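Note that the structure is a prediction, hence the values are computed from the model and not measured. Quick note: numbers below take in every heavy atom, side chains included, and nothing from hydrogens, waters or symmetry partners.
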Number of protein chains: 4
Amino acid sequence: MKKNRPKYKQIIDAAVVVIAENGYHASQVSKIAKKAGVADGTIYLYFKNKEDILISVFEEKMGQFIEQIVYSTNKKDNASEKLLTLIEEHFHQLAEDLHLAIVTQLELRQSNTDLRLTINKVLKPYLDVIDEIIEEGKVENIFRENLNTPLVRQMIFGTLDETVTNWVMKDQKYNLEKLATEVHALITSGISKK
Amino acid sequence: MKKNRPKYKQIIDAAVVVIAENGYHASQVSKIAKKAGVADGTIYLYFKNKEDILISVFEEKMGQFIEQIVYSTNKKDNASEKLLTLIEEHFHQLAEDLHLAIVTQLELRQSNTDLRLTINKVLKPYLDVIDEIIEEGKVENIFRENLNTPLVRQMIFGTLDETVTNWVMKDQKYNLEKLATEVHALITSGISKK
Amino acid sequence: MKKNRPKYKQIIDAAVVVIAENGYHASQVSKIAKKAGVADGTIYLYFKNKEDILISVFEEKMGQFIEQIVYSTNKKDNASEKLLTLIEEHFHQLAEDLHLAIVTQLELRQSNTDLRLTINKVLKPYLDVIDEIIEEGKVENIFRENLNTPLVRQMIFGTLDETVTNWVMKDQKYNLEKLATEVHALITSGISKK
Amino acid sequence: MKKNRPKYKQIIDAAVVVIAENGYHASQVSKIAKKAGVADGTIYLYFKNKEDILISVFEEKMGQFIEQIVYSTNKKDNASEKLLTLIEEHFHQLAEDLHLAIVTQLELRQSNTDLRLTINKVLKPYLDVIDEIIEEGKVENIFRENLNTPLVRQMIFGTLDETVTNWVMKDQKYNLEKLATEVHALITSGISKK
DNA sequence: CATGAATGAGAATTCATTCAT
DNA sequence: GATGAATGAATTCTCATTCAT
């Protein structure tokens with residue numbers, strides 16, 4: 001299995017750093033190879049083509065990202081706490097790994113081609129987790145039962161995504177993780193008085 | 001003034017259509033010129049370079065977009081109604097002009113370079129309008145006075161943006177404009193019961 | 001006659017300045033037109049094409065240059081004095097008009113095309129003057145009668161040309177005109193002792 | 001070291017031929033690549049850009065040219081013989097390689113930009129050799145001790161350069177090498193009788 | 001006579017991918 | 001498995017010249 005050989009991981013990690021430091025369009029295969037300490041041709045023993053590297057970056061890193069969120073939310077026992085935990089973990093993981101945050105929030109979005117489809121596919125389990133929390137909240141009578149789940153999920157994901165992107169673009173001048181409770185309050189209670 | 005000569009508008013409009021139909025990376029200058037009915041070289045009498053076309057597309061179209069929203073919200077007399085109007089107009093204008101929606105939600109985001117900075121600059125007045133509505137809501141005692149305005153603005157913008165992007169990517173299978181009141185309710189009241 | 005109309009001279013003079021200041025390759029027709037204070041299209045009422053401007057610059061300016069040398073040398077009555085006068089006038093005229101010196105010594109040589117042939121054609125009368133002085137010197141028994149006239153002319157012209165070019169390229173840090181007698185001595189007496 | 005790999009020399013040699021045959025401005029990179037038997041992209045593994053090819057052509061070919069002259073003059077033991085040898089070698093080498101003569105005398109002079117600076121830099125050692133011969137002649141009491149060395153060098157170089165250029169432009173109708181002694185005589189003894 | 005907006009041909013360079021060693 | 005030299009397709013922009021006004 002190629003994914004278990006050491007150079008596979010080396011190349012993935014090199015790609016994240018190279019893209020974060022140089023930007024999507026200036027990240028040539030040869031640069032990634034150099035950073036990974038392998039020859040250009042070696043890349044093609046592990047990946048079908050350049051796009052396959054990027055897809056794999058997203059799959060590997062997002063896979064872990066989602067796994068961690070699922071693991072953490074599962075330990076909570078009501079929808080509201082699960083939602084808070086999801087927000088906290090979302091912010092925490094991206095705040096911890098700035099390279100990853102830059103790559104996912106800014107750089108990888110510059111791709112067209114299949115990568116954008118793959119991003120959606122990879123993100124699907126995450127969106128499903130959000131959906132499940134919403135549904136659970138309805139059952140637990142914590143959230144309104146007439147909520148339009150996909151729409152609520154778009155609100156939640158859109159809010160988190162926009163918040164992280166702003167933080168990255170503002171050069172991480174403030175503490176992202178501390179915003180979690182405030183974001184959670186906004187989502188659950190809205191902005192209206194009372 | 002170049003911007004008032006007819007070919008300027010012709011080229012801008014041709015660019016929107018070409019980008020929407022071919023995607024950002026497959027939109028050669030020669031394609032835009034052909035669609036606009038001018039010679040390749042004519043493009044360069046009106047625009048400094050290719051990127052300048054894209055920046056101008058965004059400035060012109062977003063300028064109108066924002067103007068329309070400001071105009072409409074100003075006619076309402078409380079923050080909540082203004083917010084609803086802003087959401088309605090946001091959805092309405094993009095639903096009305098699918099080419100524009102594709103370009104702003106998907107294609108233009110693939111650029112790096114100056115365009116991304118310009119996008120932020122152009123968007124600024126829109127974000128300011130949102131901020132003003134939030135502040136007004138606090139004064140009118142409709143919104144909680146301790147709201148973190150930038151964060152709320154990120155929630156609002158992130159939610160609208162994600163909602164429109166989903167609608168575009170789902171091939172506009174549903175009515176975007178009808179979601180406005182629901183989105184407004186989510187933002188004002190949140191998802192919690194009571 | 002076009003050559004007598006004021007704009008003809010305006011354009012020629014503008015061309016010399018534009019080429020001297022911007023270099024041959026950066027001297028667009030539009031720049032020359034602007035400096036001359038006429039519209040781009042007006043250039044084509046006076047000149048067949050861009051090359052015709054350059055040819056005319058050389059013809060007009062070199063015509064005067066040669067005329068002045070012929071006039072001055074004719075006033076002398078032996079070949080040696082004529083040669084000295086020729087050198088003095090050659091240096092004097094180019095030292096007086098730096099723009100012209102830059103254009104003739106550096107910029108116009110970057111052309112290929114017909115201009116290079118024309119340069120030779122325009123220069124012909126000058127080379128003929130040199131030939132005549134050499135022949136006269138033989139008759140006057142001042143110069144050796146077995147001199148290879150074309151070769152001597154090449155030595156004279158090559159020496160003057162190289163000297164002026166060096167002076168232009170060295171930013172005219174020294175007095176070109178003062179070199180005339182020394183150059184004359186070298187040509188007439190050579191470098192050998194005795 | 002790139003300069004020692006065979007394709008480096010192939011490309012340099014192809015460039016000389018292509019420029020000589022097509023002229024400076026009609027020498028596209030793709031033409032040079034084709035003549036060299038390599039892909040267009042391969043050029044850029046060996047040269048930074050098109051101008052770098054031209055600079056390298058001049059450096060390589062002129063380097064050899066000068067080396068040969070230094071080698072030959074060093075075998076002579078007085079300044080006058082060294083000067084004669086320099087003239088003979090100068091004419092000999094360019095007469096032997098017509099492509100090179102066309103390129104150095106006509107085509108490369110059409111460039112502006114860095115190439116012209118490089119030409120001067122590369123030529124410097126040659127001009128230094130001439131200066132040394134002049135100085136040596138003074139010491140040996142063969143040349144006048146009050147000679148202005150830079151000026152004499154300009155006479156010598158200007159004469160040789162003009163002579164070769166004339167020969168190239170006159171389609172090499174006569175034997176350039178046979179002119180060496182005559183040119184040497186003119187430089188050493190001048191044109192005056194006695 | 002004069003204008004200046006419009007034209008459109010033409011070339012350098014990058015970089016993902018291959019394959020002989 | 002690993003290497004890295006070689007490949008070659010694909011696109012922006014400039015500027016001399018024209019011609020309708």
For this session: Applying side-chain contact (heavy atoms from CB on, under 4.5 Å), name anything that partners Asn22(D), two or more places apart in sequence or on another chain.
Result: Val18(D), Ala26(D), Ser27(D), Lys31(D)
Exercise. Touch check for Tyr46(A), heavy atoms < 4.0 angstrom, all strands: base, sugar-phosphate only, or nothing?
Worked result: sugar-phosphate
Exercise. Just how far, in rounded Å, is P of dT7(F) from CD1 of Ile43(D)?
Worked result: 10 Å
Exercise. For the pair made of CG in Asn22(B) and C1' in dT11(F), what is the distance, rounded to whole Å?
Worked result: 15 Å
Seminar exercise, completed: note: Lys34(D), atom NZ; dA6(F), atom P; distance rounded to Å ~ 20 Å
Exercise. Considering residues at least two apart in sequence or located in another chain, which fulfil the side-chain hydrogen bond (donor to acceptor under 3.5 Å, both in side chains) criterion with His25(C)?
Worked result: Gln110(C), His25(D)
For this session: With sequence neighbours excluded, tell me which residues meet side-chain hydrogen bond (donor to acceptor under 3.5 Å, both in side chains) with Thr42(C).
Result: none
Seminar exercise, completed: In B/S/- notation (B base, S sugar-phosphate only, - none; protein heavy atoms under 4.0 Å), nucleotides 13-21 of chain E written 5' to 3' is BBSSBB---
Seminar exercise, completed: Which of Leu115(D), Val103(D), Ile119(D) passes side chain to side chain contact (heavy atoms under 4.5 Å, CB included) with Leu54(D)? It is Leu115(D)
For this session: Take atom NZ of Lys7(A) and atom C1' of dA2(F), then tell me their distance rounded to the nearest Å.
Result: 6 Å
Exercise. For the pair made of CD in Gln10(C) and P in dC1(E), what is the distance, rounded to whole Å?
Worked result: 14 Å
Exercise. Roughly how many Å is it from CZ in Phe47(B) to C1' in dA6(E), rounded to a whole number?
Worked result: 15 Å
For this session: Step through the shown structure and confirm whether more than 12 heavy atoms of other residues, nucleotides or ligands are within 6.0 Å of CD on Gln64(D).
Result: yes
Exercise. Is the shortest side-chain N/O distance from Arg5(B) to OP1 or OP2 of dG4(E) below 4.0 Å?
Worked result: no
Problem set entry | Distance, rounded to the nearest Å, where Ile11(C) contributes CD1 and dA2(E) contributes C1' | 11 Å
Exercise. Given that both pair distances must be under 3.5 Å and the pair must be Watson-Crick or G-U, what runs of three or more consecutive pairs involve DNA chain E?
Worked result: E:2-21 with F:2-21
For this session: Return each pair, listed once, that meets salt bridge (Lys or Arg N to Asp or Glu O under 4.0 Å) where at least one residue sits in residues 32-41 of chain D; pairs must be two or more places apart or across chains.
Result: Glu21(D)-Lys35(D)
Exercise. According to the ring pair (Phe, Tyr, Trp, His ring centres under 6.0 Å) rule, which pairs have a member within residues 43-65 of chain D, sequence neighbours left out?
Worked result: Tyr8(D)-Phe47(D), Phe65(D)-His90(D), Phe65(D)-Tyr126(D)
Problem set entry | Residues that Lys61(D) engages under side-chain hydrogen bond (donor to acceptor under 3.5 Å, both in side chains), provided they are two or more places apart | Asp13(D)
For this session: Using side-chain hydrogen bond (donor to acceptor under 3.5 Å, both in side chains) as the criterion, list what pairs up with Lys121(A), not counting sequence neighbours.
Result: none
